[in-house]
Amino acid sequence: MFVLRLSSRCWTIPWSSRIGMRYSSTLKSTHFLLSNIRASGKYGMSSRDIRFKPVLLPVRTCFHPGATGLARDETGLKKDKEVTGKDMLKTMGEYIWPRDNPEVKTRVVAALSLLVTAKVLNTSVPFIFKHAIDTLNTANTLNLDTPDAAVVTLVSATLIGYGMARAGALGFSELRNAVFARVAQHSIRKIAQNVFRHLHNLDLAFHLNRQTGALSKTIDRGSRGISFVLSAMLFNIVPTFLELSMVCGILAYSCGPQYAAVAFGTVATYTVFTLAITQWRTKFRVHMNKADNEAGNKAVDSLINYETVKYFNNEDYEAKQYDKSLQKYETASLKTSTSLAALNFGQNAIFSAALSAIMVMTAREIMNGTMTVGDLVMVNGLLFQLSVPLGFLGSVYREIRQALIDMQVMFQLMTVDPKIKNPDSAPPLYVTAENAAISFENVTFEYIHGQKILNQLSFTVPPGKNYAIVGGSGSGKSTIIRLLYRMFEPTSGDIKVAGKSVSSVELESLRKNIAIVPQDSVLFHNSIKHNIAYGNLAAPEQDVFKAARMAELHQSILSWPNGYDTQVGERGLKLSGGEKQRVAIARAILKDSPILVFDEATSSLDSITENSIMKALGQATKGRTSICIAHRLSTVVNCDEILVLEKGRVTERGTHQQLLEIPGSKYAELWDSQQYVEDKQ
Ligand SMILES: Nc1ncnc2c1ncn2[C@@H]1O[C@H](COP(=O)(O)OP(=O)(O)OP(=O)(O)O)[C@@H](O)[C@H]1O
């Protein structure tokens with residue numbers, strides 16, 4: 001027994017003679033087997049089964065807003081359009097028949113031609129066999145002492161033809177798979193790329209409300225869903241219908257309409273039974289997938305929090321929580337396999353009954369002399385061949401349903417409209433050292449309706465000046481930066497850069513002119529050099545080193561064994577907080593924008609490093625407009641002006657000295673409390 005794990009599809013294939021062989025070879029040539037197959041023996045299935053274990057979101061969770069990003073919320077994204085089956089078919093049509101890609105079209109036509117050829121050859125196999133048997137039978141009846149050379153030649157030729165037809169049918173099927181694989185791969189790539197771009201275009205509000213992991217699963221499942229539906233249509237549904245019509249035609253022509261009626265009736269009964277049982281079984285599979293997801297999420301969450309688990313000695317608790325999900329999975333998995341056995345048995349019983357019935361009919365005709373033994377063999381062969389693709393009807397039906405759901409989720413995601421986008425024919429923003437002013441004019445903003453974070457906030461930072469914003473935690477300092485960068489739109493009021501409203505200029509040019517050192521510096525899972533160079537991917541190496549030097553990072557990097565090629569780990573986890581912050585500073589310096597924003601840029605640094613970086617930043621910000629957000633007031637004493645933020649408004653403003661001189665000022669209070677703490681240290 002072995003289990004095949006695919007990243008996102010789930011198949012349970014009975015290892016019943018040719019069925020398993022044929023279908024697994026069909027799948028092999030599609031993309032599904034290309035991805036992530038692992039052999040394992042841990043799930044208790046029948047020793048004659050191959051299971052393709054799913055990593056799927058259950059149907060219900062697929063529609064869960066949090067998982068899919070489809071919910072309307074207070075972030076103000078536009079209402080989604082309902083994606084209908086027609087929309088999905090249209091989109092699929094565009095991928096399978098792309099206007100600008102004749103190669104894909106040619107492949108589709110070639111795959112269809114190969115499909116028809118393979119089916120014609122396949123249906124002719126029992127026909128040829130019948131002729132061989134009849135010829136032998138006739139020769140036998142003649143009771144000749146020595147075999148007739150002509151008969152021997154004819155029978156041999158027919159049997160060789162039989163073998164060739166069989167091999168040809170399989171060969172053409174494989175060729176069809178190979179030809180179509182490119183179409184499937186092409187559509188997966190295209191759709192995944194389109195969705196990825198779309199996700200980057202969506203607002204920050206959208207991303208803050210969604211789990212990144214769920215989004216990436218949506219792309220993966222959706223694009224594979226498209227490919228699956230295309231492949232299932234071409235490899236299973238269309239060929240089965242084609243074969244059914246050919247078999248019914250042959251039976252009606254050579255044996256009589258009653259034979260065609262039995263074949264058709266069998267397929268109809270088989271189909272109804274399979275779909276009904278599959279429908280019933282789906283809930284077990286949904287539970288199984290849900291439990292599997294839950295277990296996966298628990299494991300990931302627990303491992304991500306590895307350090308926290310250790311700090312609080314909670315390994316046992318974590319293992320028990322994980323085991324709870326595994327238990328659910330085990331129960332659901334058992335139900336899935338038991339119900340599969342019922343399905344397999346029922347399918348087999350229907351076909352066996354039909355085979356017996358049709359053979360009894362033929363045997364009677366043989367005894368009446370109206371049919372030959374060859375006819376019996378042919379009828380048996382035709383019906384048996386038909387059972388092969390039908391063996392997968394249940395799983396194909398279930399998979400198509402799941403694929404359609406996955407596709408709908410993905411297409412729905414594509415209909416989410418970003419609220420923040422370029423206004424029509426927006427002009428680019430030109431910012432120079434002379435005009436780089438920033439002004440907030442009566443800006444009000446709320447993340448959640450009714451909860452004002454900024455309330456009629458107004459201030460102006462003149463070109464070339466260095467302003468600081470200070471205030472209690474949660475007073476809205478970082479929000480000001482988000483609004484300036486146009487990650488969010490103010491509820492009312494206007495924000496201007498270089499005299500132009502940020503909502504009226506080209507978004508890309510606005511963002512190009514502002515370099516930010518964010519509060520949380522998250523790094524890419526790449527080398528430290530790449531992470532610094534990310535500030536300007538076109539910058540020469542020397543500039544990257546220069547920026548690192550200014551951020552007090554160069555010497556530290558050189559002392560590491562791999563220097564600038566040191567990998568920083570996922571999200572920069574291999575670096576200390578201070579090192580990450582310095583990477584972020586170096587990046588911002590490298591971006592070389594006329595406006596610089598530092599959001600708690602030195603909060604994780606020791607005082608000595610902070611002082612030397614502050615000097616470097618003083619150099620970097622010379623002649624540029626900058627905003628510095630800081631809790632530690634000692635870092636902003638030299639700013640041209642300090643704004644004290646309280647309840648969404650600027651309540652005090654002035655230089656460090658001026659603010660200290662205001663009797664009972666909030667700033668003086670903060671300063672005194674920080675001095676007291678520092679003195680105590
Ligand atoms: N996406 C969001 N949705 C809802 N509320 C939010 C969101 N982001 C921030 N807030 C809330 O807005 C308020 C202001 O947050 P902001 O990050 O601007 O504060 P801050 O002054 O920078 O705080 P700190 O000094 O602690 O960094 C906080 O109360 C915060 O909880």
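We count ligands from 1, going down the list as the structure has it; atoms in each ligand are counted the same way.
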**Prompt:** In Å and rounded to the nearest 0.5 Å, what is the CD1 to CE distance from I589 to M550?
**Reply:**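 Rounded to the nearest 0.5 Å, the CD1-CE separation comes to 4.5 Å.
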**Asked** How far does CD1 of I557 sit from CD of E579, to the nearest 0.5 angstrom?
**Response**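 The distance works out to 8.5 Å.
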Could you tell me whether [X] and [Y] have a side-chain N and a carboxylate O separated by less than 4.0 Å?
X: E489; Y: R486; value: yes
X: E641; Y: K465; value: no
X: D323; Y: K328; value: no

Among all protein heavy atoms, pick the one closest to [atom] and tell me residue, atom and distance.
atom: atom 27 (O) of ligand 1; value: Q519 NE2, 2.7 Å
atom: atom 9 (C) of ligand 1; value: Y447 CE1, 3.2 Å
atom: atom 23 (O) of ligand 1; value: G474 N, 2.9 Å
atom: atom 1 (N) of ligand 1; value: L208 CD1, 3.4 Å
atom: atom 17 (O) of ligand 1; value: S478 CB, 3.6 Å
atom: atom 26 (O) of ligand 1; value: S473 OG, 2.6 Å
atom: atom 25 (O) of ligand 1; value: K477 NZ, 2.8 Å

**Prompt:** Short check: is a protein heavy atom less than 4.0 Å from atom 30 (C) of ligand 1?
**Reply:** no
**Message:** If the cut-off is 4.0 Å to any non-hydrogen atom of H631, which atoms of ligand 1 fall inside it?
**Reply:**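 Taking each heavy atom of H631 in turn, ligand 1 has 25 (O) under 4.0 Å.
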**Message:** Quick check on contacts: which atoms of ligand 1 are under 4.0 angstrom from a heavy atom of R482?
**Reply:** 8 (N)
**Item:** ligand 1-proximal atoms of T479, by part, heavy-atom distance under 4.0 Å
**Value:**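 It is both backbone and side chain that touch ligand 1.
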**Request:** Please work out whether any backbone atom (N, CA, C, O) or any side-chain heavy atom from C-beta onward of E600 is under 4.0 Å from ligand 1, and answer side chain, backbone, both or neither.
**Result:** neither
**Prompt:** Is any side-chain heavy atom of R587 less than 4.5 Å from a side-chain heavy atom of L590?
**Reply:**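 The answer is no, as the side chains (C-beta and beyond) never meet within the 4.5 Å cut-off.
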**Asked** Looking at the rings of Y564 and F545, which for Trp means the six-membered one, are their centres under 6.0 Å apart?
**Response**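 Aromatic pair counts; centres sit under 6.0 Å.
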**Asked** Hey, do the aromatic rings of Y317 and F312 have their centres closer than 6.0 Å?
**Response** no
**Message:** Within the supplied structure, the quantity of interest is the number of heavy atoms (other residues, nucleotides, ligands) at a distance under 6.0 Å from Y534 OH; does it exceed 12?
**Reply:** no
**Under 3.5 Å side-chain donor-acceptor pair for N442 and S458** = yes
**Asked** Applying a strict 4.0 Å limit to heavy atoms, is Q451 in contact with ligand 1?
**Response** no
**Request:** Look at ligand 1 and say whether G471 reaches it with a heavy atom at a distance under 4.0 Å.
**Result:**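 The answer is no: ligand 1 sits nowhere under 4.0 Å from a heavy atom of G471.
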**Request:** Check whether any N or O atom of G476, backbone or side chain, sits under 3.5 Å from an N or O atom of ligand 1, and answer yes or no.
**Result:**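 Between G476 and ligand 1, an N or O pair is found under 3.5 Å apart.
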